[in-house]
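A quick write-up on the structure given underneath.
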There are 2 protein chains.
Amino acid sequence: EEVSKLLALKAQLNTEDAGPQKFTLKTPKGTRDYNPQQMSIRNDVLQKIITVFKRHGAECIDTPVFELKEVLTGKYGEDSKLIYDLKDQGGEILSLRYDLTVPLARYLAMNKITNLKRYHIAKVYRRDNPAMTRGRYREFYQCDFDIAGAYDPMVPDAECLKVVTEILDTLNIGQYVLKINHRRLLDGMFEACGVPADKFRATCSTVDKLDKSPWDEVRTEMINEKGVTPEAADKIGEYVRLNGGTELAEKLLKDEKLSKTKAAVEGLEGIKLLLEYCALFGIKDKILFDLSLARGLDYYTGVIYEAVLTQPIKIGNEEQTVGSIAGGGRYDNLVGMFDSKHKQVPCVGVSVGVERVFSVLEAKLAAGDIAVRTSDIDVYVASAQKNFLEERIKVCAELWNAGIKTEQSYKKNPKMLNQLQHCEENGIPLAVVLGQSELERGVVKIRNIVSRQEDEVPRDSLVQELKTRISALNKEINGTS
Amino acid sequence: EEVSKLLALKAQLNTEDAGPQKFTLKTPKGTRDYNPQQMSIRNDVLQKIITVFKRHGAECIDTPVFELKEVLTGKYGEDSKLIYDLKDQGGEILSLRYDLTVPLARYLAMNKITNLKRYHIAKVYRRDNPAMTRGRYREFYQCDFDIAGAYDPMVPDAECLKVVTEILDTLNIGQYVLKINHRRLLDGMFEACGVPADKFRATCSTVDKLDKSPWDEVRTEMINEKGVTPEAADKIGEYVRLNGGTELAEKLLKDEKLSKTKAAVEGLEGIKLLLEYCALFGIKDKILFDLSLARGLDYYTGVIYEAVLTQPIKIGNEEQTVGSIAGGGRYDNLVGMFDSKHKQVPCVGVSVGVERVFSVLEAKLAAGDIAVRTSDIDVYVASAQKNFLEERIKVCAELWNAGIKTEQSYKKNPKMLNQLQHCEENGIPLAVVLGQSELERGVVKIRNIVSRQEDEVPRDSLVQELKTRISALNKEINGTS
């Protein structure tokens, strides 16, 4: 008997295998679909961010999802191995964009643009190890705000920080600190500690790991993999544990080793000026000058910054640590890499890590902490009677033509209960209920789904009646919440 | 002398070649960047379309830009050669999405969803011959609206047509006709004309070329490449020249050959019902039943449709023919191709060809027929005096915090003329002009850029004054245009 059961089970499995679908139905590794609830969250977050970008006068641009492979070559240092290449199908050799910064630099150089304040919201691609529950994907959104142009020191840089505070405040996802540092200071520090110039970038990308690894591990990597001497590493270790405000910058300007290093002095003077402008912008209490901040990318040349949430976020009964939520810096040499005459366009910008924001809000949704509506329908056109499809179609057309967000059942003779249930499940506030006797008297019923109250209104004034009620409902929602 | 000139010229060329940029700076073939003006047009068009989709209760989804290659395999017939493949870098074999319909079907099957009304606006990829001036790119937007679910015949299909009319009406880009036909009628017609069943799809994709090629060429391709007999081709030729309304469907239902073919009768009954619902929706005058409409894609199973602009569009002093601007149809078997048990989810949908709309509006912009603003800034914070950067920064922060769209110069001591010129060039309506003597008296000046009138207002009530003026300006714009 056991055997026959197993055989039956196997036969069943075989039937399933015999279908047209021979492969596992999934999205590619590290990617995902967004369902309507997730899209609702995503569109809401992006809209809030765009509002801030536009408040600062940023213009919008877009670039293709792929670039000539040569455009990306030599821009990302060690991370170049994470670039997605397209198959050579004849013609140009292409790669998917890795970020929105290199395409911006290519765009500026190609069109000989020397001034631009732009935002760009689009997906980028990295063949990294995905950690999808923490919002790390192979396909993910970047929201970038950049200011290109030769201006006075730190004025656009400070505005980028102001933009980040406005975004994090409007998203309201918890307390944060904006860490700042300066690549010139890092270079000066490496020099002062005895690191040879050709090892600055490699040493820098090792320091960048301090947010995830303890100093001991970072020190070991510096010595064993990057060829930094143990003495130099230990000196670096002294500096990178420092953080503070203007007083720290002033103290370091008097530091015996750093004060003799031109790059370090430049960096420290920059930090001082930036902190001054941040004070005028009223955001100084959110800024922390932190010598351990390094940022992974090769192309930064001046100030670098990173916004970090300082507390775990409460999701249901659990807490989730989010960490870094935005980052950026100054890159004055990137555009010149694309110009045949090395013509530079100084740039500074910031990228908001919206995937982490989506991830937090989705977890909150799953835990029941928040609710979202996936459609905005105001009116459902229903009928309890058979053969009323024609009448429903006519009413729908009338409401759509009047700009009213309207739905109806696609069935010829839907059940009244199902129609009302659809309204309740989808948060549709009003239903128009059509019936023979009412139509003969030249009226229709409007039903309030929540209160279940029904009112007869003249068929001729249906549109006006609905508009009045929708506007009242909207005022109610905006007034009480 | 000539020689030395040439040599000098050559030396100059060499210098340029010696730059770091060894390759031509361009976007990949068939793709383009969108500059701020183009983005402004694009966002405006998409927003109008989304408004229509939402009015009909569509929810929004998104899918990854690439899919497992197997997902796309066998869905596009002859066009499969146009799919972009990614390089095999270890792991899964991927291709860029070719449309948004197959990803939708994969999404429905994977998540076992049987009912969904969704819209999806995203870029798709085809290695086709680009014709960029006519809006045909290798990377282009699709705006799709689809209704999935088992419903009564032609109810969702008719709503798709209604959606198309609302979109084309709101975009207001010229007169149009919505051609409709039915795949079952085409199959029945081929059968009645003596085409073997295994040649239906190939014959159908040849008929699809009738919008671009004359019948003679299509006939030749049918006979020489698709193996249709000359007699069958000539009979097809008789039918495909027919178009009309309900009376044509009724006439064809009495046609000697078609009336004996089950598929043709099914198709014609479908067309009749669809036309009936279109009449109820009030859009019948925009619909044309056209037997030459075939649509290229393999997966359609029922009604198919295509919106075509009927008149050339005036751009400057020239006229441009646009042609097809939206298309779609019913595909009841596509989802089942992804389900291990062949479980079907009937679907019908429409895709709006927004690239052609963008292309027309961009040409109008270039010809000076329309104007666009690329940023929404309302207030520029200016100063004629030196060393007023700190004061400007403070005012900007105050205005941003109050939600006012504000800009300032990133220079420490910008010239007054340049600041006012920036306002004029960018359509910024108001400037706050800061000066020492005014500040000492506790006032600031507000300048209307167009009228050049300046008023002093108390520094303390600056935010409120600006809000009042911005709101008045917005009313003025909305009231007069």
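Protein chains get the first letters and strands the later ones, always in sequence-line order, with residue 1 at the start of each. A quick note: this is a predicted structure, and the numbers were derived from the prediction, not measured.
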Trace of the side-chain contact (heavy atoms from CB on, under 4.5 Å) decision for B/Thr27 with A/Arg106: CA-CA 9 Å; B/Thr27 59; A/Arg106 192 264 307 146; 3.4 Å; yes
Atom NZ of B/Lys26: over 12 foreign heavy atoms under 6.0 Å: yes
Side-chain (B/Asp85) to main-chain (A/Lys87) donor-acceptor, under 3.5 angstrom: no
Top contributor to chain A interface from B/Asp152, B/Ile404, B/Val155, B/Thr406 [non-hydrogen pairs under 4.5 Å]: B/Asp152
By ring-ring contact (aromatic ring centres under 6.0 Å, His included) - contacts of B/Tyr277 (at least two apart): none
Choice from B/Asp169, B/Ile377, B/Asp378 maximising heavy atom contacts with chain A below 4.5 Å: B/Ile377
B/Ile283 versus chain A, the contacting section by heavy-atom distance below 4.5 Å: neither
A/Glu390 side chain to B/Leu280 backbone, donor-acceptor under 3.5 Å: no
Qualifying salt bridge (Lys or Arg N to Asp or Glu O under 4.0 Å) pairs, either residue in residues 402-411 of chain A, two or more places apart: A/Glu407-B/Lys117
Leading residue by heavy atom contact count with chain A [cutoff under 4.5 Å; candidates B/Thr374, B/Ile428, B/Thr31]: B/Thr374
Side-chain (B/Glu139) to main-chain (A/Val65) donor-acceptor, under 3.5 angstrom: yes
Contact origin within B/Ile61 toward chain A - heavy atom pairs under 4.5 Å: both
Whether over 12 other heavy atoms sit under 6.0 Å from A/Lys81 NZ: yes
Chain A contacts, top residue of B/Arg138, B/Lys394, B/Glu92 (heavy-atom pairs, under 4.5 Å): B/Glu92
Main-chain N/O of A/Asp62 paired with B/Arg42 side-chain donor or acceptor, under 3.5 Å: no
